[in-house]
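Here the structure is laid out as structure tokens; the discussion comes afterwards.
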Amino acid sequence: MREIRERGGAVPCDAFMELALYHPQHGYYASGRPRYGREGDYLTAPTASEWYPRLVVRLLRHLAEHGGPLRLVEVAAGDGSLLAGVLDGLGPAGAGPLREVVAVERSRAMRVRLEALLAAASGRVVADPSSVPSSAAPTVIHASELYDALPVARAVGRGGGLAELWVAAGEGGLAWVERPAREEVAAYFGRHGVALEEGQIGEASLGAEGLHRRLLQGAAGAGLCLVLDYGYEARRLYDPRGRRGGSLTTYAGHRFGRDPLAAPGEADLTAHVNWDDLRRAAATAGWTEIGLWPLAEFLLRAGLAAELEERGLGPDAELDAAAFSTRQELKRLLDPDGMGSDLKMLVQARGGMVDAARSALRLDL
Ligand SMILES: C[S@@+](CC[C@H](N)C(=O)[O-])C[C@H]1O[C@@H](n2cnc3c(N)ncnc32)[C@H](O)[C@@H]1O
């Protein structure tokens, strides 16, 4: 409230989200409390089950066999669940399939945890994607729920054009107010060919395309990028028959809510990714799209059935306690009414990784 008053009493939605999520003292992600995972407010694929990192390991092993040791850049590394699984499966960096590991994480509290995790594994931790040096080494970039955690602007269709929704701090607390749309917001909808209907709300992730382009440009040689997130292509994301009220949602205590102003700093705020932002970035950086699949299909393509078989957990395995618990965990990742279909994996590649990724993900059959 105080910061908004100091900035003239009202700020655009993206500035409000920046404060609510990333303010160094009061932001949701600034706290050392677990925000995601079983003790947190919501589950992500890496925190839901060790089978997600296991399948990433399988893919990395295949790529390293084809192109040599890899540099892994784990962006929005969070509590390190993905990295812990990868290091467990492949061993520390500098030997074997991993040449180097870089964890990128904006939250200071999470960086402390990541430094402890990577201290014995020859990895390093940085705060900002622009601190990842460009490298010609074969590079894999992985980001789970990074882009849906970026601040977004909010626009509403008005009189055949656009207005913007700002957050005002008044006597009665926080409230939405309408302002003329900023040029960059109008340009965002313009370049995606989107016209919002009267009263329809849509979010614009103003930083997503530039951030993704910077990440991709960090791989100067062969590269593979895995982005796991909730989202749609622009034509579906802004279809007025679907999300007329936009996709901005709150999460607290494993429950979702629709009032982003109710408890700033206490609840997660998230908006769906517009996959076309990441596609535009890839096109400019000279990367090729390998596929965009629901999480369940990605896991199957990455070799889930073979992985289960190799661990003695195939369809004929005896249903003992271990096999039962594996099935329960996998159900969470594969759930057609949850993560299995709502989370999508975008796979993009460059240079020698294009063919390696196609064969690893069964596109050459
Ligand atoms: C929803 S959590 C996902 C964490 C982890 N990837 C997972 O799937 O469990 C989002 C994370 O992204 C981090 N984050 C947001 N913007 C970032 C940025 N520009 N660079 C690095 N990390 C960022 C946040 O601090 C937070 O830890």
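In each ligand, atom 1 is the first atom listed, and ligand 1 is the first ligand listed.
When only interatomic distances are considered, the shortest N/O to N/O separation between Arg106 and ligand 1 falls below 3.5 Å. Where the criterion is an N or O separation shorter than 3.5 Å, residue side chain and backbone included, Thr44 meets it with respect to ligand 1. Below 3.5 Å of separation, one finds no N or O of Gly78 facing any N or O of ligand 1.
The protein heavy-atom contact nearest to atom 5 (C) of ligand 1 is Ala76 O, 3.3 Å. In this structure, atom 15 (C) of ligand 1 lies nearest to the protein heavy atom Tyr22 OH, 3.1 Å. Scanning all protein heavy atoms for the shortest distance to atom 8 (O) of ligand 1 gives Ser144 OG, 2.6 Å. Among all protein heavy atoms, the one lying closest to atom 2 (S) of ligand 1 is Tyr36 CE2, 3.4 Å.
Taking each heavy atom of Ala234 and Asp276 in turn, the nearest pair found is N-OD2, 2.9 Å.
The part of Pro46 lying near ligand 1 is the side chain, judged by heavy-atom distances below 4.0 Å. Only the side chain of Pro129 comes within 4.0 Å of ligand 1, counting heavy atoms alone; its backbone N, CA, C and O stay farther away. At a 4.0 Å heavy-atom cut-off, ligand 1 touches Tyr42 through the side chain alone. Heavy atoms of Leu146 found under 4.0 angstrom from ligand 1 belong exclusively to the side chain.
Using a 30° and 60° split on the angle between ring planes, His212 and Tyr147 fall in the perpendicular class, above 60°.
Applying the salt bridge (Lys or Arg N to Asp or Glu O under 4.0 Å) rule to Arg350 yields no partners; only residues at least two apart in sequence or on another chain are considered.
At least one test fails for Arg243 against the ring of Tyr238: distance under 6.0 Å to the centre or angle within 45° of the axis.
Evaluated for a side-chain contact (heavy atoms from CB on, under 4.5 Å) with Val125, the options Leu114, Leu117, Val112 yield exactly one hit, Leu114.
Remark: the backbone N or O of Arg182 is paired with a side-chain donor or acceptor of Glu164 at under 3.5 angstrom.
Between the side chains of Ser49 and Arg332, not a single donor N or O lies within less than 3.5 Å of an accepting N or O.
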